[in-house]
Amino acid sequence: MNPITIIGSGLAGYTLAREFRKVDKDTPLVIITADDGRFYSKPMLSNAFASGKTAEQLAMNSAEQMGTQLNSTIFPNKRVSAIDTTQHMIVLDGETLQYSKLVLALGADPIRAELKGDAAEQVLSVNDLQDYVRFRQALAGAKNVAIIGTGLIGCEFANDLVTGGYHVEVIDPGTLPLRRLLPQAVSEAMLDGLSKMGVTWHFGKGAVAINRAGQGYDIELSDGGKLNADVVLSAIGLRPRTSLAQAAGIKVNRGIVTDRMLKTSAEDVYALGDCAEVEGLVLPFVMPIMHAARALAKTLSGQTTQVMYPAMPVVIKTPACPVVVSPPPANIPCEWQITKMEEGVKALCQDATGKLAGFALSGKATAEKMTLTSQLPSLLA
Amino acid sequence: MKKWQCVVCGFIYDEVAGLPEEGIAPGTRWESIPDDWACPDCGVAKADFEMVAIADAA
């Protein structure tokens, strides 16, 4: 029998394999990955520096160990170049491999800002363990770090690096950190928390060009200003990897389009994780991956199972201002009710009938996470 | 008393502190936490946690 084949060894690919092995010990499983196949804690990439963690410490298992643990054949450092969905076949290094069922767990690419200058290519982004290795090398001996973007990853890195003793300057065209995810009062709490740690902000402007200047870089800003930094880190968002699927004629939109069974438009081809768009939702977070992996593991073992998404609050790991947020659905008009406490902000969003639709909590208010989450409706019931 | 770390997200369960907001009293041993308990940060099941090699006094 041809193996069930997973492309990708990130959290989505490996979690699916682990969940699958809980329900099926024997069906041949192949995992193909462009990475080295080490299993590591992805969320820790943006908060491991201050605690002195090297890539080796973040990697919990080698590809070989994962292969044994998951009773799977793992092909590390291999890139799939094409999928033939009618022949149930993938092409890899010019060779073809047959699959019974195929799972795309390809992840997402960091979005790169359009930058001019002779050092535009030196801007780093950290989205996997190998990026983290390069990042740590760049930081050795550096003093000043510039971060482009104040989203979740940008804020976590700002906190982590400032704690690690770096001078951190953050550039964002907006007005407050994490404004896409948080109501104003909680964004302000984040601004406050990180400012007290020493983070310097450059709001209302973008980076235009990066040029070499001695050992470091000059960053030209859209208002004509200039910054100097030894390391420039970009964290302006992720774009699902869709090109492999698209070239194979599989339907893609923002991500690879799937139904509630995580099935793509092609027979026996599934997708999950940061590359997938499940019933219109692209959710590049840990919790949705765990839920998707559990459902898909059952489906692959022959027990067709829809993915359920409960409310899945996102934890932002910024010790300077811990935040938990469950954003209200975009189609629900809501007004935030803000309660400021001594060491925290509680923001609640209710729908027209008075039911809780979302929340954002900072500081000590994060203790209410469980209670509030239990009042939220499911995302996919 | 020990600490346990989630393999996925790095969340640490500290037996000394417990998780009072989830009704787990300070001092609750890992063994005493129900098997259907999941990591509060990422939802990983108890079985997928790993022990961190920190053994505090006691």
Side-chain angles (χ1 to χ4, degrees), chain A residues 10-12 14-15 17-19 21-22 39-48 50-51 53 57-61 66 69 156 160 273 285-294 297 308-317 319 322-324 361 364-374, chain B:
Chain A
L11 191 57
Y14 273 153
T15 302
R18 193 161 55 209
E19 292 295 326
R21 280 294 177 235
K22 287 181 187 171
F39 177 69
Y40 60 96
S41 167
K42 172 82 177 268
M44 286 178 73
L45 293 183
S46 48
N47 63 18
S51 51
K53 290 229 165 55
Q57 286 168 312
L58 290 185
M60 296 179 230
N61 290 113
M66 291 307 285
Q69 208 179 87
E156 288 189 350
D160 198 37
F285 304 109
V286 171
M287 282 275 258
I289 289 177
M290 307 312 287
H291 287 280
R294 272 175 217 142
M308 310 275 206
Y309 284 158
M312 297 177 286
V314 175
V315 176
I316 302 167
K317 292 180 177 176
V323 166
V324 184
L361 310 168
K364 292 239 162 97
T366 53
E368 288 184 56
K369 173 182 128 182
M370 301 306 278
T371 323
L372 291 170
T373 303
S374 65
Chain B
M1 293 274 136
K2 287 176 181 161
K3 290 183 184 180
W4 300 74
Q5 184 170 34
C6 172
V7 296
V8 168
C9 73
F11 173 84
I12 289 174
Y13 175 71
D14 180 350
E15 292 181 340
V16 175
L19 272 175
E21 63 269 32
E22 284 197 51
I24 299 172
T28 303
R29 297 274 179 186
W30 182 246
E31 300 80 53
S32 309
I33 292 177
D35 287 338
D36 62 357
W37 182 85
C39 172
D41 279 8
C42 73
V44 158
K46 187 184 170 191
D48 293 326
F49 265 61
E50 255 178 35
M51 191 175 66
V52 167
I54 306 171
D56 293 347

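We use all heavy atoms of the structure for the numbers below, so side chains are in, but hydrogens, waters and symmetry mates are not. Below, chain A is the first sequence line, B the second, and so on; all start at residue 1. Quantities reported herein were computed from a predicted structural model and do not represent experimental measurements.
- Neither the backbone nor the side chain of A/Tyr14 comes within contact range of chain B; no heavy atom of the residue lies under 4.5 Å from a heavy atom of that chain.
- With a 4.5 angstrom heavy-atom cutoff, A/Lys22 touches chain B only via side-chain atoms.
- For A/Met287, the parts sitting under 4.5 Å from any heavy atom of chain B are the backbone and the side chain alike.
- Looking at B/Pro20, neither its backbone nor its side chain comes within 4.5 Å of chain A, counting heavy atoms on both sides.
- A pairwise comparison of heavy atoms in A/Arg294 and B/Val44 identifies NH2-CA, 4.2 Å as the closest pair.
- By the 4.5 Å heavy-atom criterion applied to side chains, B/Gln5 and A/Met60 are not counted as neighbours.
- Separating the NZ atom in A/Lys42 from the SG atom in B/Cys42 is a distance of 13.5 Å, to the nearest 0.5 Å.
- In terms of heavy-atom proximity, A/Ser41 sits nearest to B/Gly10 at OG-N, 4.0 Å.
- In this structure, the side chains of B/Val7 and A/Arg18 come closer than 4.5 Å at one or more pairs of heavy atoms.
- Looking only at heavy-atom pairs under 4.5 Å with chain A, the residue among B/Ala45, B/Ala47, B/Gly43 that has the most is B/Gly43.
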